[in-house]
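Letters A, B, ... mirror the listed sequences (proteins, then strands); counts begin at 1.
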There are 2 protein chains.
Amino acid sequence: MSPTPARTSRERIVAEGLSLLESGGLDAVTMAAVAERVGVKPASLYKHVRDRSALVGALVEATAVAIGRDLAADDDPAAAPRARLTSLAHGYRAFATAHPRATALLFAHLGEGVSLGAEPSRAAAAPVLAVAAALAGPDRALPVARVLTAFVHGFTTMESAGAFRLGGSVDEAFETGVALLADGLAGRRGA
Amino acid sequence: MSPTPARTSRERIVAEGLSLLESGGLDAVTMAAVAERVGVKPASLYKHVRDRSALVGALVEATAVAIGRDLAADDDPAAAPRARLTSLAHGYRAFATAHPRATALLFAHLGEGVSLGAEPSRAAAAPVLAVAAALAGPDRALPVARVLTAFVHGFTTMESAGAFRLGGSVDEAFETGVALLADGLAGRRGA
DNA sequence: ACCTGAACACCGTTCAAGT
DNA sequence: ACCTGAACACCGTTCAAGT
């Protein structure tokens with residue numbers, strides 16, 4: 001008579017999906033594996049999630065919100081713009097080191113129709129836009145934010161994919177990038 | 001008596017795999033789909049390729065060689081370093097526009113063991129290293145090349161994933177990035 | 001209202017059997 | 001020496017039946 005209460009939740013499903021993603025890559029995020037982790041049969045997941053691509057979309061969404069929260073928490077609007085840039089870059093890299101697969105997925109082609117929702121997208125972008133505005137002024141904030149995100153995302157993606165195999169210090173390369181962009185912005189400010 | 005001659009080849013398989021990759025994403029690169037394209041049954045592919053992950057590895061390898069060739073062909077060692085950087089950045093972006101899925105795969109986690117061979121990796125990196133050396137000197141070439149690749153790869157990955165949705169000119173953002181990096185390098189040259 | 005077992009289509013892979 | 005059909009394990013998904 002009484003309808004059975006939910007034995008799992010979308011939150012648990014997303015949490016276990018993220019865990020599987022980091023431990024085994026996207027291929028390991030299987031409806032069967034997620035179901036087993038949350039203690040339910042595969043078919044039951046469809047009561048909580050439309051299908052597997054919606055689940056992957058939810059993983060990306062959760063990741064966007066998390067990185068946005070981390071970066072916003074680390075940002076100090078009262079600090080010097082260059083210090084804010086350094087902190088932002090280090091924060092993104094730290095997040096990418098902790099969650100490499102999820103971070104790589106942030107800007108990947110998912111299914112044809114699948115794309116990040118407007119709100120999570122805004123949450124992730126806000127801290128970068130704020131720092132870019134401080135560095136380059138409000139009317140140059142958007143292109144500068146895109147450049148900063150591209151560098152920091154590209155670098156960390158390559159790093160966690162194991163692309164830097166010619167020796168040398170990867171940390172030094174990252175600092176070089178941050179410094180070059182900061183110097184470029186400083187040079188332009190007077191121009 | 002006479003053994004049957006091969007009805008397909010690794011080259012055709014790779015070519016059709018790349019075509020499927022660009023038209024439908026990595027999920028569309030199915031042993032069945034590739035086999036049908038090359039006119040053979042799925043099981044026969046295993047005479048030419050170890051398994052699906054080796055096939056994907058071959059797609060990445062072919063892409064690395066192709067982009068290395070394109071970038072090297074466009075580079076003019078006699079040109080001014082800044083012009084060479086601009087040409088390199090535009091060349092990478094043009095390649096990524098023509099082959100977005102393959103370019104994104106260049107620095108993706110593939111299977112656990114799977115990683116790009118040394119030779120294709122070197123072929124792809126060589127033109128970037130050459131331009132970086134011209135811009136920053138031989139002893140700073142490696143970190144600078146990493147920074148340039150990170151920006152250009154990150155930007156084009158985000159662009160083809162449809163990440164730039166806040167309006168504004170994406171072209172302008174790309175030029176901003178190239179100019180910032182060039183300015184940063186120019187400023188540092190005297191330091 | 002959620003969970004399950006059974007079923008289906010599809011995919012990667014192997015292998016004995018063909019030529 | 002390469003190709004094929006048959007077979008197997010696995011995966012995503014649906015749905016009628018349970019509680």
Partners passing side-chain contact (heavy atoms from CB on, under 4.5 Å) against Ala104(A) (at least two apart in sequence or in another chain)
none
Can you list the stems that include DNA chain C, where a stem is three or more consecutive Watson-Crick or G-U pairs with distances under 3.5 Å?
C:4-8 with D:12-16, C:12-16 with D:4-8
Under 4.0 Å from any atom of DNA chain D, heavy atoms only: list the residues of residues 33-44 of chain B that qualify, in numerical order.
Val40(B), Lys41(B), Ala43(B), Ser44(B)
Residues at least two apart in sequence or cross-chain that pass side-chain contact (heavy atoms from CB on, under 4.5 Å) with Val147(A), listed by chain then number, are Leu181(A), Phe151(B), Thr176(B), Leu180(B)
Nearest heavy-atom neighbours spanning Ala64(A) and Pro120(A)
CB-O, 3.8 Å
Looking at Asp51(B), I want to see if its CG is surrounded by more than 12 non-hydrogen atoms of other residues, nucleotides or ligands under 6.0 Å.
yes
Specify the residues of residues 45-55 of chain B, ordered by number, for which at least one heavy atom lies under 4.0 angstrom from an atom of DNA chain C.
Tyr46(B), Asp51(B), Arg52(B)
Measure from CG on Leu26(B) to P on dC11(C) and round the result to the nearest Å.
14 Å
Expressed in angstrom and rounded to an integer, what is the separation of Asp27(A) atom CG from dG12(C) atom P?
11 Å
Whole-Å gap separating P (dC2(D)) and CZ (Arg10(B))
13 Å
Only counting residues at least two apart or in another chain, list the ones meeting side-chain contact (heavy atoms from CB on, under 4.5 Å) with Asp171(A).
Arg93(A), Ser169(A)
Using the six-membered ring wherever Trp is involved, compare the ring planes of Phe164(B) and Phe155(B) and label them parallel, tilted or perpendicular (cut-offs 30° and 60°).
tilted
Lys/Arg N to Asp/Glu carboxylate O, Arg84(B) vs Asp74(B), below 4.0 Å
no
Would you say Arg7(B) places a side-chain N or O within less than 4.0 Å of OP1 or OP2 belonging to dT4(D)?
yes
Taking Arg12(A) for the side chain and Arg7(A) for the main chain, is one N or O donor matched with an acceptor at less than 3.5 Å?
no
Where the side chain of Arg146(A) meets the backbone of Gly177(B), is there a donor-acceptor pair that is under 3.5 Å apart?
no
Give the nucleotide from the list dT4(C), dA1(D), dG12(D) with an atom nearest to the side chain of Thr30(A).
dG12(D)
Leu105(A) pairs by side chain to side chain contact (heavy atoms under 4.5 Å, CB included) with which of Leu59(A), Leu21(A), Thr63(A)?
Leu21(A)
Evaluate the ring planes of Phe174(B) and His90(B), with Trp represented by its six-membered ring, and classify them as parallel (under 30°), tilted (30 to 60°) or perpendicular (over 60°).
tilted
